[in-house]
**Q** 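Here's a structure for you.
Predicted model, so just to flag it, every value in this text is computed and none were measured. Proteins get letters first, then strands, A, B, ... in listed order; numbering begins at 1 in each.
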There are 2 protein chains.
Amino acid sequence: MPVTIYDVAQKAGVGIGTVSRVINNSSQIKDSTKQKVLGVINDLNYQPHIVAQSLARRKTSSIGCIIPFFTGYFFVELLRGIQRKVSFYKHELILYSVDDVSKTETFLKKALDERRVDGLLFVSLDISPEYVRKIKEKNFPIVLLDSYHDELDSIKVNNEDGAFRATTHLINCGYKKIAMINGIMSSLPSITRFEGFKKAIIEADLEYDERYFVQGDCAPDADGFNKEAGYLGMKKLLELGKARPEAIFAASDIQAVGALRAIGEAGLKTPEDIAIIGFDDIELSEHIGLTTMRQPTMRMAGLAMTRLMEKIGSKNDDVFVKRVETELIIRDTCGFNLK
Amino acid sequence: MPVTIYDVAQKAGVGIGTVSRVINNSSQIKDSTKQKVLGVINDLNYQPHIVAQSLARRKTSSIGCIIPFFTGYFFVELLRGIQRKVSFYKHELILYSVDDVSKTETFLKKALDERRVDGLLFVSLDISPEYVRKIKEKNFPIVLLDSYHDELDSIKVNNEDGAFRATTHLINCGYKKIAMINGIMSSLPSITRFEGFKKAIIEADLEYDERYFVQGDCAPDADGFNKEAGYLGMKKLLELGKARPEAIFAASDIQAVGALRAIGEAGLKTPEDIAIIGFDDIELSEHIGLTTMRQPTMRMAGLAMTRLMEKIGSKNDDVFVKRVETELIIRDTCGFNLK
DNA sequence: TTGAAAGCGCTAACAG
DNA sequence: CTGTTAGCGCTTTCAA
């Protein structure tokens with residue numbers, strides 16, 4: 001039988017209200033009684049029952065995180081940053097990791113209905129209009145991380161600029177025939193990265209060649225940002241034979257990994273035969289010397305949590321959008337003839 | 001104002017007890033009233049308040065998972081398996097990811113004291129005698145995954161045999177001067193993998209050379225199974241000059257990655273100059289063609305969860321130990337002159 | 001079968 | 001400052 005607040009109150013000779021006050025170190029309390037209660041709490045090794053607290057306080061002190069587990073490793077870095085902040089705020093992290101996009105809504109529904117979490121971090125996934133409506137209706141605290149919707153708070157990376165600079169780097173390295181391997185075009189990052197890519201090509205007065213733009217072929221429940229998509233995309237590009245591109249901008253590092261494999265299988269080398277730049281800077285990229293655009297994952301995670309806690313505290317209504325910038329990380333896959 | 005069980009009861013013209021019974025589809029209930037209540041629940045879009053249920057039922061329907069976030073990617077695969085099973089059992093997953101071993105106890109304490117979780121999965125970490133005692137005292141449901149303690153339930157991989165077979169593979173490939181890069185020796189996997197390594201060396205009548213055994217140098221709060229440790233360990237081995245080993249058994253894939261880097265920096269090649277075999281088979285290993293011993297992560301995670309749910313259901317007392325076997329995955333880093 | 005009532009363990013007015 | 005009391009929203013006897 002765990003010890004309850006009543007046991008403490010009785011043994012300390014006070015009311016449960018007083019015990020509750022010292023637990024929550026409320027303002028007005030005589031120091032002597034506070035010490036007395038604290039003593040008993042210690043003697044009895046009393047621990048408040050968090051579930052009871054949640055019920056009475058009408059908040060759970062935990063936040064949910066809906067995050068994909070199929071996209072590669074980018075999310076792991078985000079998750080690490082999130083956990084850190086969640087702990088900092090003395091909250092719990094309830095993980096809803098979706099390994100199949102169809103589960104996204106299942107989890108959303110759970111989170112919204114069951115009132116088990118005070119707020120939600122929604123990471124790298126697309127949210128349906130139906131749920132946006134529900135969220136607004138309930139005024140449920142949520143922030144999108146690495147994802148965007150104009151009616152909701154979000155922290156996202158400047159994808160267009162990142163893609164622009166990635167492509168520009170390739171151009172600066174002296175390549176002219178530049179291709180892009182993208183995710184499925186129904187996802188926002190895909191669209192904006194494509195725009196940045198195209199813009200760079202056009203501004204450099206290079207010709208935009210349709211054949212140099214491939215989307216990640218992938219299973220219907222994935223998003224095309226995985227390594228299979230990269231592999232398949234590269235294969236397609238390689239089939240162009242002599243007309244094949246000299247350099248590739250992959251919309252994610254993990255696609256770049258897949259592409260690299262296809263390049264290797266074709267007996268080609270990087271960057272001598274084909275240069276490649278990725279996007280994300282996941283940990284693995286450093287190992288393989290992949291040049292890429294780094295997303296500041298820790299910072300993004302931190303910003304998202306801070307904002308979420310703010311919303312939970314004061315249900316204000318304005319939509320907050322924070323855009324962070326990417327950073328070019330030059331390694332070995334693009335050659336050296338910079339500028 | 002969310003709708004409560006009272007709203008439903010009132011509108012359906014029944015008592016809240018009845019509503020509760022249909023929610024938990026209890027045995028004795030007239031079908032007609034059941035339908036009526038169900039109808040109202042649907043009309044009102046009623047959702048039971050999970051926190052209130054937890055309090056009344058005296059269980060939370062959520063399980064905690066204490067897992068390291070610094071060891072590399074092995075845990076991600078475990079986590080994926082865990083999440084899948086947790087969802088299967090319609091529970092929630094509370095993540096306590098430790099990025100610093102000192103947090104292990106903080107989280108353990110939380111989990112044990114606050115009664116926020118019904119049980120605990122304790123992954124890839126060492127547990128102190130003090131907490132083992134507390135756990136036994138409270139009869140708290142816990143299962144260790146990829147970790148071991150003789151008084152607690154555990155699912156672990158047969159590390160000794162895996163290390164033995166890894167080393168034997170190197171021997172079969174024709175190498176004689178074989179070294180091992182290990183984690184810190186205070187961790188059990190390190191110890192058993194070392195034993196397997198040594199056993200293979202001795203059974204093959206090779207000489208065991210002290211200099212060929214290096215431990216991962218690392219920050220005091222890490223476990224030596226990371227890539228820095230692998231890198232540093234390999235450096236040390238390389239300093240042996242002409243006496244350097246021909247082949248390496250790394251206790252983790254991520255160490256192998258670090259070692260590979262050191263090898264590359266020294267201008268050496270794999271497997272021509274130095275062969276290497278890892279342990280884990282994390283996703284990245286496939287990309288880089290690392291030969292390794294695969295741990296069946298999904299299976300381990302599944303077994304652990306199944307066992308945990310069993311314990312939560314029926315607090316039985318016997319300690320359950322399940323050992324799973326590794327599988328040799330031959331790729332490119334060991335050469336081909338097999339046997 | 002079902003309703004009423006007594007908790008689950010705590011917080012938060014409300015009086016004093 | 002502090003005790004008392006009324007919930008928080010549900011489960012679970014106990015009778016009927």
**Q** For nucleotides 8-16 of chain C, give me one character per nucleotide, 5' to 3': B if any protein heavy atom sits under 4.0 Å from the base, S if the only such contacts are to the sugar-phosphate, - if neither.
**A** BBBBBB---
**Q** Could you state the atom-to-atom distance from NZ of Lys36(B) to C1' of dT2(C) in whole Å?
**A**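 Checked: the NZ to C1' distance equals 11 Å.
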**Q** How many whole angstroms separate atom NZ of Lys34(B) from atom P of dT2(C)?
**A**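 That distance rounds to 11 Å.
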**Q** For a side-chain hydrogen bond (donor to acceptor under 3.5 Å, both in side chains) check, start with the C-alpha distance between Tyr96(A) and Gln83(B), then their side-chain angles and the critical distance, and finish with the verdict.
**A** CA-CA 8 Å; Tyr96(A) 299 106; Gln83(B) 171 86 68; over 6 Å; no
**Q** Do NZ/NE/NH1/NH2 and the carboxylate oxygens of Lys109(B) and Glu105(B) come within less than 4.0 Å?
**A**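 Answer for the salt bridge query: no.
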**Q** I want to check something: taking the side chain as every heavy atom from C-beta on, are Arg299(A) and Lys322(A) in contact at a cut-off of under 4.5 Å?
**A**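 In short, these two side chains touch, coming nearer than 4.5 Å.
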**Q** Within the distance-only criterion (no hydrogens, no angle test), does the side chain of Ser154(A) pair as donor or acceptor with the backbone N or O of Leu144(A) below 3.5 angstrom?
**A**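 No; zero donor-acceptor contacts below 3.5 Å.
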**Q** Do Lys85(B) and Phe88(B) meet the cation-pi criteria used here (NZ or CZ under 6.0 Å from the six-membered ring centre, within 45° of the axis)?
**A**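 That pair qualifies as a cation-pi contact.
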**Q** What residue among Ile66(A), Val98(A), Asp113(A) forms side chain to side chain contact (heavy atoms under 4.5 Å, CB included) with Leu108(A)?
**A**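 The residue from Ile66(A), Val98(A), Asp113(A) that satisfies side chain to side chain contact (heavy atoms under 4.5 Å, CB included) with Leu108(A) turns out to be Ile66(A).
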**Q** Base, sugar-phosphate, or nothing for Thr33(B), non-hydrogen atoms under 4.0 angstrom?
**A**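 Answer is sugar-phosphate: Thr33(B) comes under 4.0 Å of backbone atoms only.
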**Q** So, is Thr18(B) near the phosphate of dT2(C), with a side-chain N or O under 4.0 Å from OP1 or OP2?
**A**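 Negative; the distance criterion is not met.
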**Q** What is the distance from CD of Glu114(A) to P of dG9(D), rounded to the nearest Å?
**A**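 Those two atoms, CD and P, are 16 Å apart.
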